[in-house]
Every structure is written in C-alpha cells, then in structure tokens.
Amino acid sequence: MIKIVAALILDGAGRVLLVRKRGTHAFMQPGGKRDVGEDDIAALLREISEELGCGVVTSSIRPRGAYNAAAANEPGFRVQANLYRVEVKGEIVPGQEIDETIWVDPAAPPDIPLAPLTRDHVLPLTAATRAIGNVR
C-alpha cells in the first residue's frame with residue numbers, strides 16, 4: 001500500500017485541477033508521498049509548491065476523507081490517499097515533474113485517462129457535493 005496525500009483544488013466555476021506527471025499518461029490530483037518525518041499537511045504544502053509552484057491558504061485546508069484505489073503509475077500496487085480540499089495562492093506554474101495541468105468539470109470530465117483515485121472517488125465526490133452546494 002502506497003500512502004499519499006492528495007489535493008482537491010477548485011476554481012471559481014467548480015472545476016477540479018488535475019495534473020499529469022512527467023512520463024505518465026493518467027491525470028490525477030496534485031500530491032504525493034510523505035517524506036520521512038512529514039505529517040499530511042507538511043507533505044501537502046511541499047507537494048503543491050513543488051508541483052504547482054504556488055502556495056496554499058493554510059486556513060482553507062479541509063479533510064475530505066481517506067480513499068483506497070489502484071495506483072495509476074505503479075502496476076499491481078494500491079494507494080491509500082488522504083484527500084484535502086485546499087485553496088491555493090499565487091499563480092499555478094507547473095513544476096519540472098508535471099507535464100500538463102487541466103481544469104475539469106467533475107460532473108462531466110473529458111475523455112482523458114484518469115487515475116483510479118480521481119475517476120472513482122474524487123470526481124464523483126466533488127460532483128455530488130457541488131450538486132448539493134457543499135463543496136467547501
């Protein structure tokens with residue numbers, strides 16, 4: 001089991017930010033594995049800075065649950081993801097490990113490869129909570 005933290009970042013229209021990491025095909029949430037000694041929040045802040053070149057409004061961090069899914073980039077493995085809703089500050093500028101970013105409507109994602117965590121948990125959760133007006 002690969003333990004990770006993942007960020008749910010929404011724009012003003014309720015679209016979800018996804019990233020495609022260098023050398024991979026699936027789009028997923030920004031985030032990743034904790035470094036030794038890091039807690040979830042420290043890992044989340046570091047990963048967003050490294051991947052997106054921006055900061056996090058720390059008062060906006062809200063847990064959205066823990067989810068188990070097949071790993072997108074490690075065949076035969078699973079991820080245990082702690083998902084956090086966050087607001088970012090500053091311009092989003094993809095870092096060296098990110099090939100592409102995209103904003104997607106969680107209720108109608110485009111026909112692109114999605115990580116199982118994103119496809120099976122994050123987008124349906126976000127679409128459902130947006131539908132009832134409870135995205136924060």
Measure the CD-CD distance between E47 and Q29 for me, rounded to the nearest 0.5 Å. 13.0 Å

First locate atom OG1 of T58, then atom CD1 of I41, and finally report the distance between them rounded to the nearest 0.5 Å. 9.5 Å

Shortest non-hydrogen contact from K89 toward V57: CB-CG2, 4.1 Å

Salt bridge (charged side-chain N to carboxylate O under 4.0 Å, His left out) filter on K3, not counting sequence neighbours, yields none

Do the side chains of I2 and K33 get nearer than 4.5 Å, heavy atoms only? yes

E100: side chain to side chain donor-acceptor pair (under 3.5 Å) partners, not counting sequence neighbours: R20

Co-membership, hydrophobic cluster, residues I9 and V93, 4.5 Å side-chain: no

Looking only at atom types and distance, does a side-chain atom of E50 sit under 3.5 Å from a main-chain N or O of G95, one as donor and one as acceptor? no

Taking side chain as C-beta onward, heavy atoms only, is L52 less than 4.5 Å from V19? yes

Considering only residues two or more places apart or on different chains, which pairs with a residue in residues 34-45 satisfy side-chain hydrogen bond (donor to acceptor under 3.5 Å, both in side chains)? R34-D40, D35-R46, E38-R46, D40-N82, D40-Y84

Pairwise distance OG1(T24) to CD1(I98) - rounded to 0.5 angstrom: 8.0 Å

Rounded to the nearest 0.5 Å, what separation is found between the NZ atom of K21 and the CE atom of M28? 6.0 Å

May I have the list of side-chain donor-acceptor pairs in residues 67-77 shorter than 3.5 Å, sequence neighbours left out?
{"from": "Y67", "atom 1": "OH", "to": "R64", "atom 2": "O", "distance (Å)": "2.7"}
{"from": "N68", "atom 1": "OD1", "to": "R78", "atom 2": "NE", "distance (Å)": "2.7"}
{"from": "N68", "atom 1": "OD1", "to": "R78", "atom 2": "NH2", "distance (Å)": "3.1"}

Output the distance between atom CD1 (I92) and atom OG1 (T101), rounded to the nearest 0.5 Å. 7.0 Å

Taking a hydrophobic cluster as the set of Ile, Leu, Val, Met, Phe, Trp and Tyr residues connected by side-chain heavy atoms closer than 4.5 Å, whether directly or through intermediates, do W103 and L123 fall within one such cluster? no

Residue of the set V86, V88, V16 for which side chain to side chain contact (heavy atoms under 4.5 Å, CB included) holds with L10: V16

Under 3.5 Å, side chain of R62 to main-chain N/O of S59, donor-acceptor pair present? yes

Enumerate the residue pairs fulfilling ring pair (Phe, Tyr, Trp, His ring centres under 6.0 Å) with a member in residues 25-45, sequence neighbours excluded, ordered by first and then second residue. none

Nearest 0.5 Å, what's the CG-CD1 distance between L8 and I61? 12.5 Å

Of all residues at least two apart in sequence or in a different chain, which pass the salt bridge (charged side-chain N to carboxylate O under 4.0 Å, His left out) check with E91? none

Evaluate the side-chain contact (heavy atoms from CB on, under 4.5 Å) criterion for residues L114 and L18: first the C-alpha distance (whole Å), next the side-chain angles of each, then the deciding distance (0.1 Å), finally the verdict. CA-CA 9 Å; L114 296 170; L18 301 179; 3.7 Å; yes

Looking only at heavy atoms, which two atoms of I4 and V79 are closest? And how far apart? CD1-CB, 4.2 Å

State, with a plain yes or no, whether a side-chain heavy atom of I48 is found less than 4.5 Å away from one of C54. yes

Examine L117 and L83 and state if one hydrophobic cluster contains both, with Ile, Leu, Val, Met, Phe, Trp and Tyr joined whenever side-chain heavy atoms are less than 4.5 Å apart. yes

Is there a path of hydrophobic side-chain contacts, each under 4.5 Å between heavy atoms, that joins V56 and L17? yes

For G23 versus D99, what's the shortest heavy-atom pair and its separation? N-OD2, 3.4 Å

